[in-house]
Amino acid sequence: MTSVPNITLNNGIEIPQLGFGVYQVTPQDTKDATLRACEIGYRHIDTAQMYGNEKGVGEAVRESGLDRADVFVTSKLNNGFHQPDDALKAFDTSLESLGFDYLDLFLIHWPLPGIDVDFVDTWGALEQIYASGQAKSIGVSNFQPAHLRRVVQEGTVPPAVNQIEVHPYLTQDDVRAANTENGVATEAWSPIAQGLVLDDPVITSIASTHGKTPAQVVLRWHLQRGDIVFPKSVTPERVKENFE
């Protein structure tokens, strides 16, 4: 079986660098898609409260025959729950939906600096969850350098990851540099730009030269840059192709 490298996060927890994303996978399709991913060899699943499909992820992990400890599962706080008490309740709801007693990683999905709740206060709620042991790691998503620095400076636990949109047409060098500067791992969502980069002449040329598909070339580019990626597909052949 293909071996997936691990990235060691700033708290010593290891995360598989290649995972399976379930963004825009319908709730009714999530269980089967995630089960297939587990069968192929994925051991890292990325979901979110906003996606509405945590239940299917939990069912798939339980039915996969794998030990819970062998599958790294991430979820994210939905935008309507930034009040600290709401964040704590929303996290409990995620655990209930998944049927887990802990999450491997829990993220603030968006910083939302324009609302009347400071995201640093929301981060304080995630620190409580982390202290309880119910989330093995905590992090952020879609944070720009200024947001990230505030959390690092004003919080007590640094984020383990910052999950941002990254692909060859949006390299995010400034945000990735801020992540590195603060010891935060970069997770790349939309790693193939929802397919936009797959017809790029440079990428198709590289793919042809190496006997790979354009998607495989782009995913390899991410891995060699040190990004953590979790491409999404419900097509079994493509899920396997991505893993390879």
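Please read all numbers here as calculations on a predicted model, not as lab measurements.
Side chain of Arg36 to main chain of Val234: a donor-acceptor pair is present (N/O by atom type, distance under 3.5 Å, no hydrogens or angles). Under the 3.5 Å distance criterion, the side-chain polar atoms of Trp123 are left unmatched by any main-chain donor or acceptor of Asp118. With Asp29 contributing its side chain and Val25 its backbone, the two residues share no donor-acceptor pair below 3.5 Å. Side-chain atoms of Asn11 come within 3.5 Å of backbone N or O of Ile13 as a donor-acceptor pair. Proximity of a side-chain donor or acceptor of Ser97 to a complementary backbone N or O of Thr93 within less than 3.5 Å is detected. Without hydrogens or angle criteria, Tyr42 side chain to Val239 main chain gives a donor-acceptor distance under 3.5 Å. Between the side chain of Thr235 and the backbone N or O of Glu237, no donor-acceptor pair lies under 3.5 Å. Panel note: side chain Ser208, backbone Ser205; no donor-acceptor pair is recorded below 3.5 Å. Side-chain atoms of Asn142 come within 3.5 Å of backbone atoms of His109 as a donor-acceptor pair (strictly under, hydrogens ignored).
Taking the side chain as every heavy atom from C-beta outward, Val61 and Phe100 approach each other to under 4.5 Å. At a threshold of 4.5 Å between non-hydrogen side-chain atoms, the residues Val217 and His210 do not count as touching. Under the 4.5 Å side-chain criterion, counting only non-hydrogen atoms from C-beta, Ile108 is not in contact with Ser141. At least one side-chain heavy atom of Asp46 sits less than 4.5 Å from a side-chain heavy atom of Lys76.
A salt bridge links Arg68 with Asp104: the closest approach of a Lys/Arg side-chain nitrogen to an acidic carboxylate oxygen falls below 4.0 angstrom. Between Asp227 and Arg176 there is a salt bridge, with a side-chain nitrogen of the basic residue lying less than 4.0 Å from a carboxylate oxygen of the acidic one.
Across Glu165 and Trp189, no two heavy atoms sit closer than the pair N-NE1, 3.2 Å. Taking all atoms of both residues into account, the shortest heavy-atom contact from Thr171 to Val166 is O-CG1, 3.9 Å. Among all heavy-atom pairs drawn from Ser233 and Asn242, the shortest one is CB-ND2, 4.5 Å. Of all heavy-atom pairs between Val218 and Ile192, the closest is CG1-CG2, 3.9 Å. In this structure, Val4 and Pro16 approach most closely via the heavy-atom pair CG1-CB, 4.1 Å.
Below 30°, between 30° and 60°, or above 60°: for Tyr51 and Tyr23 the angle between ring planes is between 30° and 60°, a tilted geometry. Ring orientation note: the planes of Phe106 and Phe91 are nearly perpendicular, at an angle over 60° on the 30°/60° scale.
In Glu96, the CD atom is not crowded: 12 or fewer heavy atoms of neighbouring residues, nucleotides or ligands sit closer than 6.0 Å. The environment of Arg220 atom CZ is sparse: at most 12 non-hydrogen atoms of other residues, nucleotides or ligands sit within 6.0 angstrom. Few gaps surround CG on Asp173; more than 12 heavy atoms of other groups in view lie less than 6.0 Å from it. Residue Gln194 qualifies as open at atom CD: its count of foreign heavy atoms under 6.0 Å is 12 or below.
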Kindly indicate, with the supporting measurements, whether the criterion side-chain hydrogen bond (donor to acceptor under 3.5 Å, both in side chains) is fulfilled by Glu54 and Ser94. CA-CA 7 Å; Glu54 290 172 317; Ser94 275; 2.6 Å; yes
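Clustering ILVMFWY residues whenever any of their side-chain heavy atoms sit less than 4.5 angstrom apart, transitively, puts Leu18 in a cluster other than the one holding Leu35. Both Phe119 and Tyr130 are members of a single hydrophobic cluster when ILVMFWY side chains are connected at heavy-atom separations under 4.5 Å. In terms of hydrophobic clustering, with Ile, Leu, Val, Met, Phe, Trp and Tyr side chains grouped at heavy-atom distances under 4.5 Å, Ile164 and Leu77 are assigned to different clusters. Both Val151 and Ile138 sit in one connected hydrophobic cluster of ILVMFWY residues. Membership requires side-chain heavy atoms under 4.5 Å apart, directly or through other members.
For Lys89 and Phe81, the positive end is not near the middle of the six-membered ring at less than 6.0 Å and at most 45° from its axis.
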